[in-house]
There are 2 protein chains.
Amino acid sequence: MDTININGIIQEASCDQELAAIKDSLEILGGKWKLRIMRHLNNRHAEKNTFKKLQREIEGISAKMLSKELQDLEMNLLISRTVMDTRPITVNYAITEYGLSVLPVTETLVQWGLNHRQKIKA
Amino acid sequence: MDTININGIIQEASCDQELAAIKDSLEILGGKWKLRIMRHLNNRHAEKNTFKKLQREIEGISAKMLSKELQDLEMNLLISRTVMDTRPITVNYAITEYGLSVLPVTETLVQWGLNHRQKIKA
DNA sequence: CGGAATCCGGCCCGATACTG
DNA sequence: CAGTATCGGGCCGGATTCCG
């Protein structure tokens, strides 16, 4: 990944790509709720996760934010949205197989965050 | 990490910790400039990185943001700030040994971001 | 029930000007 | 050179209301 470079040009090019990748990651996974929703869906993947259930269980989130965040995640193929044929209708959300790929990322952030809290205390 | 739980209590507790850790990580490493600065300092760790040099090389950042972000990073022990006894004075910034610990995190984000761009295109 | 629409406060961040 | 002060726009995110 650290490419050998001739007067910095190759490195700069790959660096731009990497910066864009970081930006993408932070935009898609960053913010107050996205990773929290992903982790929640993963923890409860055996259950039906309706909108209302998610709103109850993800403490503090408003309907507006939950709706918006779910749309964002769905657009990025990280979760699936299924309208159930019930009365009244319910909608079921689930993490996709591709969505599982974010879990290692969250795990990295969890580990760094835990370690950092230790470091700052010391 | 996924602790066995009795009626969910232990899992909820550890989950709260992990959520706080994620929040910490995103607050400390998130935003538009922090990781970019960290990567820049790491790439140029062999050089003297003065305020002005950083502002020139990190494209688009204003003095105000650079100043603020550097302060945040220093508070979290991720970079060091050294006032050089030159005339006029210059200040040298460098990544700390502890600061190196964020590089694997950024690498994870880079990899996920690159992979995601492929996925979305398909 | 699952949303969309609206309003609004705060802060993230940029531009500009100024200081030691 | 290395910052601060000030202003202001935009967007994140919360509260409330309304719709199918």
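In the text below, chain A, chain B and the rest are named by the order of the sequence lines, each starting its count at 1.
With D:dG13, C:dC13, C:dC1 as the candidates, the nucleotide lying closest to the side chain of A:K52 is C:dC1. Of the candidates C:dG2, D:dT4, D:dA2, the closest approach to any side-chain atom of B:T90 belongs to D:dA2. Side chain of B:Q71, nearest nucleotide from D:dG3, D:dG13, D:dT4: D:dT4.
For D:dT4, the OP1/OP2 oxygens have a side-chain nitrogen or oxygen of B:S67 closer than 4.0 Å. Side-chain nitrogen and oxygen atoms of B:Y93 include at least one within less than 4.0 Å of the OP1 or OP2 phosphate oxygen of D:dG3.
Annotation: A:K53, atom NZ; neighbour count of heavy atoms from other residues, nucleotides and ligands within 6.0 Å is above 12.
With contacts defined as side-chain heavy-atom distances shorter than 4.5 Å, the pair A:I95/A:L78 does not qualify. Within the 4.5 Å cutoff, the side chain of A:M84 has no heavy atoms near those of the A:T50 side chain. Taking 4.5 Å as the limit, some side-chain heavy atom of B:L70 sits within range of a side-chain heavy atom of B:F51. Put simply, the side chain of A:D24 reaches to within 4.5 Å of the side chain of B:R117, judged on heavy atoms.
Going from atom CD of A:E74 over to atom P of C:dG2 covers 15 Å, rounded to whole Å. With rounding to whole Å, A:K32 atom NZ is found 12 Å from C:dC12 atom P. Taking atom CG on B:L26 and atom C1' on C:dC12, their separation rounds to 15 Å, with Å as the unit. The nearest whole Å value for the distance from the CD atom in A:E27 to the C1' atom in C:dC13 is 14 Å. Across the protein-nucleic acid pair, A:I37 atom CD1 and D:dG13 atom P stand 11 Å apart, rounded to whole Å. Going from atom CG of A:L70 over to atom P of C:dA4 covers 10 Å, rounded to whole Å. In this entry the distance linking CG of A:N49 with P of C:dG2 reads 11 Å, nearest Å. In this entry the distance linking CG of A:L66 with C1' of C:dA4 reads 14 Å, nearest Å.
Both A:M65 and B:P88 lie near DNA chain D, and the one whose nearest nucleotide falls closer to the 5' end is B:P88. Remark on DNA chain C: of its neighbouring residues A:K53 and B:W33, the 5'-side contact belongs to A:K53, judged by nearest-heavy-atom nucleotide.
Using a 4.0 Å heavy-atom criterion, one finds that A:K68 contacts no nucleic acid atom at all. Looking at heavy-atom distances under 4.0 Å, B:R81 makes contact with sugar-phosphate atoms alone, never a base. Across all strands, A:T86 comes closer than 4.0 Å to no nucleic acid atom at all (heavy-atom distances).
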Please list, pair by pair, any protein nitrogen or oxygen found under 3.5 Å from a nitrogen or oxygen in nucleotides 15-20 of chain D.
none

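B:E57 and B:R44 are joined by a salt bridge, as a carboxylate oxygen and a charged side-chain nitrogen come within less than 4.0 angstrom of each other.
Note that the CG atom of B:L35 and the OG1 atom of B:T106 stand 6.5 Å from one another [nearest 0.5 Å].
Side-chain atoms of A:N76 and B:H116 form a donor-acceptor pair, as typed in the model, at a separation below 3.5 Å.
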